[in-house]
Amino acid sequence: MTDSAQPPARDPAIRVTTQPADTNPYGDIFGGWLMGQMDMAAGLVASRHSKGRAVTAAVDSMQFHHPVYVGDEVSVFAELVRSGRTSMTIEVEAWRRDRFGETHEKVTQASFVFVAIDEQGKPRAVEM
Ligand SMILES: CCCCCCCCCCCCCCCC(=O)SCCNC(=O)CCNC(=O)[C@H](O)C(C)(C)COP(=O)(O)OP(=O)(O)OC[C@H]1O[C@@H](n2cnc3c(N)ncnc32)[C@H](O)[C@@H]1OP(=O)(O)O
């Protein structure tokens with residue numbers, strides 16, 4: 001999506017401040033918490049694009065580049081890069097900013113596959 005110098009020049013899907021409750025036993029932010037934020041960001045894009053329910057089918061190429069610390073501002077960017085018959089591929093990256101500074105760092109990235117589903121939980125076609 002972007003190089004690691006500057007975050008994308010658009011609004012993030014999610015922006016949140018990390019809390020002590022989000023940490024792992026080492027005191028840094030837990031990777032699972034970050035993945036959850038990324039899943040929610042991708043879910044927003046998938047539900048909006050498919051105009052209905054969409055579930056996570058796969059997460060590929062998950063990468064953790066840098067740790068995230070308590071009090072950081074985390075911005076999660078999500079971009080639809082492919083729309084199939086029922087599936088959508090969404091590239092997601094998360095950036096941290098120290099709350100007292102202007103330095104931005106890309107901390108994670110991954111490719112999420114979401115599938116649009118109907119009321120029975122079966123894949124449904126996404127309108128083009
Ligand atoms: C009332 C108000 C409510 C408000 C509410 C708000 C909620 C706001 C919460 C935000 C939410 C955040 C987002 C969290 C989202 C979850 O946490 S979802 C929970 C975790 N995910 C699940 O539980 C999904 C479990 N899996 C399944 O249900 C089924 O496997 C699926 C995903 C529906 C697929 O069903 P299937 O019968 O295997 O599908 P199949 O026909 O084989 O393939 C369908 C498509 O998926 C693709 N596909 C399937 N598997 C894969 C794979 N592993 N890799 C790549 N592509 C795949 C196929 O290629 C195909 O693509 P198309 O060619 O149609 O484009």
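Whatever order the structure lists ligands and atoms in, that order sets their numbers, starting from 1. Numbers here simply count residues along the sequence, with the first being 1.
If you check the side chains of E73 and T17, you find no donor sitting under 3.5 Å from an acceptor. Counted by atom type alone, R124 and S50 present one or more donor-acceptor pairs between their side chains at under 3.5 Å.
When non-hydrogen atoms are compared, ligand 1 lies under 4.0 Å from the backbone of T86 as well as from its side chain. Under 4.0 Å from ligand 1, heavy atoms of S87 appear from its side chain as well as its backbone.
Side-chain contact between M40 and I14 is present, with at least one heavy-atom pair separated by less than 4.5 Å. Using a 4.5 Å cut-off on side-chain heavy atoms (C-beta onward), F77 and P7 make contact. With contacts defined as side-chain heavy-atom distances shorter than 4.5 Å, the pair F30/D22 does not qualify. Contact annotation: the side chain of T56 never approaches that of V113 to less than 4.5 Å [non-hydrogen atoms, C-beta and beyond]. Residues V126 and H49 form a side-chain contact, since some pair of their non-hydrogen atoms from C-beta on lies under 4.5 Å apart. Between V92 and V76, some side-chain heavy-atom pair lies under the 4.5 Å cut-off.
The nearest protein heavy atom to atom 16 (C) of ligand 1 is closer than 4.0 Å. For atom 23 (O) of ligand 1, the nearest protein heavy atom lies 4.0 Å away or farther. Within 4.0 Å of atom 39 (O) of ligand 1, at least one protein heavy atom is present. Atom 3 (C) of ligand 1 lies below 4.0 Å from none of the non-hydrogen atoms of the protein. Protein non-hydrogen atoms do reach within 4.0 Å of atom 13 (C) of ligand 1. Of the protein's heavy atoms, at least one falls inside 4.0 Å of atom 62 (P) of ligand 1.
Looking at V59, T56, V115, it is T56 that brings a heavy atom closest to atom 21 (N) of ligand 1.
Set against the non-hydrogen atoms of A57, the atoms of ligand 1 under 4.0 Å away are 32 (C), 53 (N). Atoms of ligand 1 lying under 4.0 Å from at least one heavy atom of G84, given by number and element, are 65 (O). Using a 4.0 Å cut-off to heavy atoms of M40, the atoms of ligand 1 that qualify are 12 (C). Near V113, the atoms of ligand 1 lying under 4.0 angstrom from a non-hydrogen atom of the residue are 55 (C), 56 (N). Per-residue contacts place I117 under 4.0 angstrom from the following atoms of ligand 1 (heavy atoms of the residue considered): 33 (C). Less than 4.0 angstrom separates some heavy atom of A58 from each of these atoms of ligand 1: 52 (C), 53 (N), 54 (N).
Close N/O approach between R85 and ligand 1 is found [any backbone or side-chain N/O within under 3.5 Å].
When only non-hydrogen protein atoms are considered, atom 41 (O) of ligand 1 lies nearest to P123 CG, 3.9 Å. Of all protein heavy atoms, the one lying nearest to atom 28 (O) of ligand 1 is V55 CG2, 4.4 Å.
Pairing each heavy atom of A116 with each of M88, the nearest pair is N-CE, 3.9 Å.
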Worked verdict on H65 versus T108 for side chain to side chain donor-acceptor pair (under 3.5 Å): CA-CA 6 Å; H65 300 297; T108 59; over 6 Å; no
